Number of protein chains: 2
Amino acid sequence: MNAQSLHGHLDALLLAVLERGALHGYAIIEALRGRSDGRLDLPTGTVYPALRRLERAGHVASAWSTVNGRERRTYELTDSGRRALADQRSGWREFSATVGRFLDPGTTPTPAG
Amino acid sequence: MNAQSLHGHLDALLLAVLERGALHGYAIIEALRGRSDGRLDLPTGTVYPALRRLERAGHVASAWSTVNGRERRTYELTDSGRRALADQRSGWREFSATVGRFLDPGTTPTPAG
DNA sequence: CACCAACAAGTAGCGTCTCTACGTATGAAC
DNA sequence: GTTCATACGTAGAGACGCTACTTGTTGGTG
């Protein structure tokens with residue numbers, strides 16, 4: 001599954017991964033891959049710019065650290081990021097329920113509840 | 001809910017709406033709005049070009065008809081479109097299950113089943 | 001008749017987002 | 001000393017939906 005279909009939902013995924021604790025970019029990619037059983041295998045050229053966007057938006061904060069003489073930029077959720085994640089979650093539920101009504105009828109509950 | 005988050009799934013929605021029978025562009029927009037309780041209210045500038053794309057791809061066929069002296073371009077699913085819709089449906093299930101695992105844990109079944 | 005709203009189709013240009021393809025560097029294995 | 005996994009990053013391209021606009025018909029209001 002490529003990230004093409006993710007369009008607009010990638011930020012939410014990144015925030016969700018960082019919810020469990022601070023991670024550096026490469027580890028985020030591995031977490032996405034691991035927690036999705038290999039379905040989400042995003043290229044660095046997708047994830048790094050996305051993290052920069054999130055930082056510009058104030059949803060994550062980054063700090064350099066040196067581990068084993070290797071430079072890592074570790075990202076962490078901000079309060080704003082936590083709020084954004086909550087919004088994205090409810091947005092996702094509405095979105096998936098609405099689209100599911102057309103593409104996966106029967107399985108999907110009505111958006112209104 | 002805007003169509004920004006639809007990115008990559010709009011085609012599937014259009015095919016799904018046409019599955020129930022041929023419709024003209026304006027009626028497709030109304031069907032989307034009606035069947036989603038107003039959540040999907042897509043501008044013509046989004047839908048008409050998308051229908052053209054689907055026609056170029058061979059997934060729909062269009063024909064002009066005059067109803068009450070008014071010109072309508074009616075769209076209809078092709079066999080290719082029906083196959084594409086089936087693909088999009090299974091793609092949607094995998095996509096929503098995968099993303100749901102991160103954004104809607106507990107509710108979403110595992111993609112693998 | 002003039003005006004306006006709803007219906008109906010369409011285009012142009014813009015901005016956003018992800019992808020491919022690079023470039024750079026360290027540490028470990030062989 | 002070469003290769004691989006780790007780790008960060010940018011540049012340019014392509015796809016897609018959005019805003020804003022144009023054109024035209026039908027029907028209602030004044």
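Chain A is the first sequence line, chain B the second, and so forth, proteins listed ahead of strands; every chain is numbered from 1. Only a predicted model underlies this, so the values are computations on that prediction, with no experimental measurement involved.
- Under the 3.5 Å distance criterion, the side-chain polar atoms of T78(A) are matched with a main-chain donor or acceptor of H59(A).
- Residue E71(B) contributes atom CD, which lies 23 Å from atom P of dA6(C) at whole-angstrom precision.
- For dT10(D), the OP1/OP2 oxygens have a side-chain nitrogen or oxygen of R52(A) closer than 4.0 Å.
- In terms of phosphate contacts, R72(A) brings no side-chain nitrogen or oxygen within less than 4.0 Å of OP1 or OP2 of dT26(C).
- Close to dC7(C), at under 4.0 Å from its OP1 or OP2, lies a side-chain N or O of Y26(B).
- Within the nucleic acid shown, G45(A) comes within 4.0 Å of at least one base atom, counting heavy atoms only.
- Look at CG on L51(A): it is 15 Å from C1' on dT10(D), rounded to the nearest Å.
- Classified by interplanar angle (parallel below 30°, tilted 30° to 60°, perpendicular above 60°), the ring pair H9(B)/F95(B) is tilted.
- In this structure, Y48(A) does not reach the dG9(D) phosphate: none of its side-chain N or O atoms is under 4.0 Å from OP1 or OP2.
- Distance, F95(B) CZ to dT18(C) C1': 13 Å, rounded to whole Å.
- L18(A) places none of its side-chain heavy atoms less than 4.5 Å from the side chain of L85(A).
- Ion pairing between a basic and an acidic side chain is recognised when a charged N comes within 4.0 Å of a carboxylate O; R35(A) and E30(A) show no such pairing.
- Using a cut-off of 4.0 Å between Lys/Arg side-chain N and Asp/Glu carboxylate O, D104(A) and R89(B) are scored as not salt-bridged.
- Remark: H24(B) is in phosphate contact with dA8(C), judged by side-chain N or O atoms under 4.0 Å from OP1 or OP2.
- Among the atoms of the strands shown, only primed sugar atoms or phosphate atoms (P, OP1, OP2) are found under 4.0 Å from some heavy atom of L10(A).
- Between the CD1 atom of I29(A) and the P atom of dC8(D) there is a distance of 8 Å, rounded to whole Å.
- Rounded to a whole Å, the CG atom of L6(A) is 13 Å from the P atom of dC17(C).
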Side chain to side chain donor-acceptor pair (under 3.5 Å) assessment of T66(B) paired with E71(B): CA-CA 5 Å; T66(B) 305; E71(B) 294 294 293; 2.8 Å; yes
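- The CZ atom of R53(A) sits 17 Å away from the C1' atom of dC8(D) (whole-angstrom rounding).
- Each of H7(A) and T44(A) was assigned the nucleotide of DNA chain D with the nearest heavy atom; the assignment lying further toward the 5' end belongs to T44(A).
- In this structure, W64(B) has its ring center no closer than 6.0 Å to that of Y75(B).
- Mapping P49(B) and R73(A) onto DNA chain D by nearest heavy atom places R73(A) at the nucleotide closer to the 5' end.
- We find that CD of E55(B) is positioned 13 Å from P of dA9(C), with the value rounded to whole Å.
- Between R101(A) and D37(B), at least one side-chain N (NZ, or NE/NH1/NH2) sits under 4.0 Å from a carboxylate O, which counts as a salt bridge.
- Minimum atom distance to the side chain of Y75(A) is reached by dG9(D), of the listed dT19(D), dC16(D), dG9(D).
- Axis angle across the helix from dC1(C)-dG30(D) to dC30(C)-dG1(D), with five pairs used at each end and values rounded to 10°: 0°.
- The CH2 atom of W64(A) sits 11 Å away from the C1' atom of dA25(C) (whole-angstrom rounding).
- The phosphate of dA9(C) has neither OP1 nor OP2 within less than 4.0 Å of any side-chain N or O from R70(B).
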